[in-house]
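Below is one structure, written out as C-alpha cells, with a few remarks after it.
Excluded from the calculations below are hydrogen atoms, water molecules and symmetry mates; all remaining heavy atoms, backbone and side chain alike, are included. The sequence lines fix the lettering, A, B, ..., with proteins before strands; numbering per chain opens at 1.
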Amino acid sequence: MQSEDMRRVPDPCGDSPFMGIYESLSAAYGPRRWWPVTPAGGVEPEYTGGPSTRIQMLEVAVGAVLTQNTSWKNASKAIANLNRAGLLNPEGLTGIDTKSLAGLIRPSGYFNQKAERIKVLAAYLSGNGRPDRDGLLELEGIGPETADSIMLYGYGELHFVVDAYTRRIFGRIGLIGGGEAYEAVQLVFESNIPPEVHVYQEYHALIVEHGKRSCTRSPDCGECVIGALCGRCGL
DNA sequence: GCCCAGGCTTAAA
DNA sequence: TTTAAGCATGGG
C-alpha cells in the first residue's frame with residue numbers, strides 16, 4: 001500500500017513554489033531520516049528512517065506526545081528511560097501506574113499530563129484495527145499535529161504535518177497568512193505537493209531543520225538557504 | 001536569570 | 001469565537 005504512494009506523479013501544482021522550496025531545503029540539509037526509533041535491543045532512538053515494527057510504530061506515537069512543545073532531546077531522554085525500564089510496549093504502558101510513568105518521562109516536561117495521555121494512547125493503539133486520524137483526535141491530549149505526525153511517520157499514511165515552524169517559515173515567505181486554522185494550512189500544502197508519503201515525511205522534517213537552523217524567532221537571514229524565495233529576506 | 005522548545009485543553013473575555 | 005493561562009524540564 002505504501003509502495004503505491006512511492007511512484008512519481010506529475011506535480012499537481014504546476015509552477016507553485018512549494019516544490020522549489022523543498023528541493024532547496026533538501027539540497028542544503030540532505031535526508032533527515034525522521035522519525036528516530038530505538039533499534040531492537042537498543043535504548044536511545046536513532047535516525048534509521050522510521051519504524052519497521054509494531055513496537056516502533058507505538059514508539060513514534062509515544063514520542064509524538066513526549067515532544068509536544070518540548071525539544072526532541074528531552075523527549076528522547078524520556079524514551080530512553082522507558083526502554084531501560086522495558087516498558088515501551090503495549091503491555092508495559094497500559095500496565096504501569098500513572099505516577100510511575102510520570103517519573104520515567106520527567107525529562108520531557110509536562111510529565112503528569114503526558115503520562116495520563118500516553119496510557120490512553122497506548123490503550124487505543126493496542127486495540128484491534130488500524131488507528132485513524134479521527135480516532136486519535138478523540139483522545140485527550142492528541143491534537144491535529146500530533147495525530148498527523150503519528151499517522152504520517154508511524155503508520156505511513158498521507159497526512160501533511162503542520163507545526164509552529166511551518167507557520168513561521170511560510171508566513172514569512174508570504175505563502176500563508178500564518179493565523180489560519182490548522183486544516184487550512186494543511187490543505188495548502190496537500191494541494192501543492194505530490195501525494196507521496198516520502199515527500200510529506202521529508203518536507204516536514206526539512207521544515208523543522210530550517211526552523212531550527214536559520215528561520216528562528218529572530219531569523220538569521222544571512223544564512224538562509226531559501227532567502228531568494230522569501231518575501232521577508234530575499235527581495 | 002531569561003527565553004525557548006516540532007502542543008493541547010480549559011476558562012475567561 | 002478569540003485569547004490567555006497552565007502544564008514543566010533542560011539547554012543556550
Notebook entry, point to check: How far does the P atom of C:dA8 sit from the matching atom of B:dT10, given to the nearest Å?
Noted result: 14 Å
Next item on the list: Answer yes or no: is there an ion pair linking A:E44 with A:K77, defined by an N-O contact shorter than 4.0 Å?
Entry: no
Item checked: Interatomic distance at P, C:dA5 relative to B:dC4, whole Å -> 15 Å
Notebook entry, point to check: Does a side-chain heavy-atom distance below 4.5 Å link A:W72 with A:W34?
Noted result: yes
Checklist line | Whole-angstrom distance between C:dA4 and B:dG6, as gauged at atom P | finding: 23 Å
Under-3.5 Å N/O pairs linking protein and nucleotides 3-5 of chain B:
residue	atom	partner	partner atom	Å
B:dA5	OP1	A:R168	NH2	2.9
B:dA5	OP2	A:R217	NE	3.3
B:dA5	OP2	A:R217	NH2	2.9

Margin query: Strictly distance-based, threshold 3.5 Å: is any side-chain N or O of A:N81 a donor or acceptor partner for the main-chain N or O of A:L104?
Written below: yes
Note to self: Quick one, A:K73 and A:P107 - any side-chain contact, counting heavy atoms below 4.5 Å?
What the structure shows: no
Note to self: Tell me whether A:E209 is salt-bridged to A:R33, with the criterion being a basic N under 4.0 Å from an acidic carboxylate O.
What the structure shows: no
Checklist line | Validation row, ring centre A:F189 to ring centre A:Y200 under 6.0 Å | finding: no
Notebook entry, point to check: Between A:K114 (NZ) and B:dG7 (C1'), how many Å, whole number?
Noted result: 8 Å
Notebook entry, point to check: Quick one: do the A:Q68 and A:T146 side chains pair a donor with an acceptor below 3.5 Å?
Noted result: yes
Checklist line | Value in whole Å for how far the C1' atom of B:dG7 lies from CD1 of A:I150 | finding: 12 Å
Next item on the list: Look at the side chain of A:R167 and the backbone N and O of A:E180, then say whether any donor-acceptor pair between them is shorter than 3.5 Å.
Entry: yes
Next item on the list: Please confirm whether the backbone N or O of A:S214 pairs with a side-chain atom of A:D220, one donor and one acceptor, at under 3.5 Å?
Entry: no
Note to self: Between A:K114 (side chain only) and A:S108 (backbone N and O only), is there a donor and an acceptor less than 3.5 Å apart?
What the structure shows: yes
Margin query: I'd like the 5' and 3' limits of the part of DNA chain C contacted by chain A, with heavy-atom contacts below 4.0 Å.
Written below: C:dC7 to C:dG11
Next item on the list: Heavy atoms under 4.0 Å is the rule here; annotate nucleotides 8-13 of chain B 5' to 3' with B where the base is hit, S where only the sugar-phosphate is, and - elsewhere.
Entry: SSS---
Item checked: pair A:Y47-A:W35: side-chain heavy atoms closer than 4.5 Å -> no
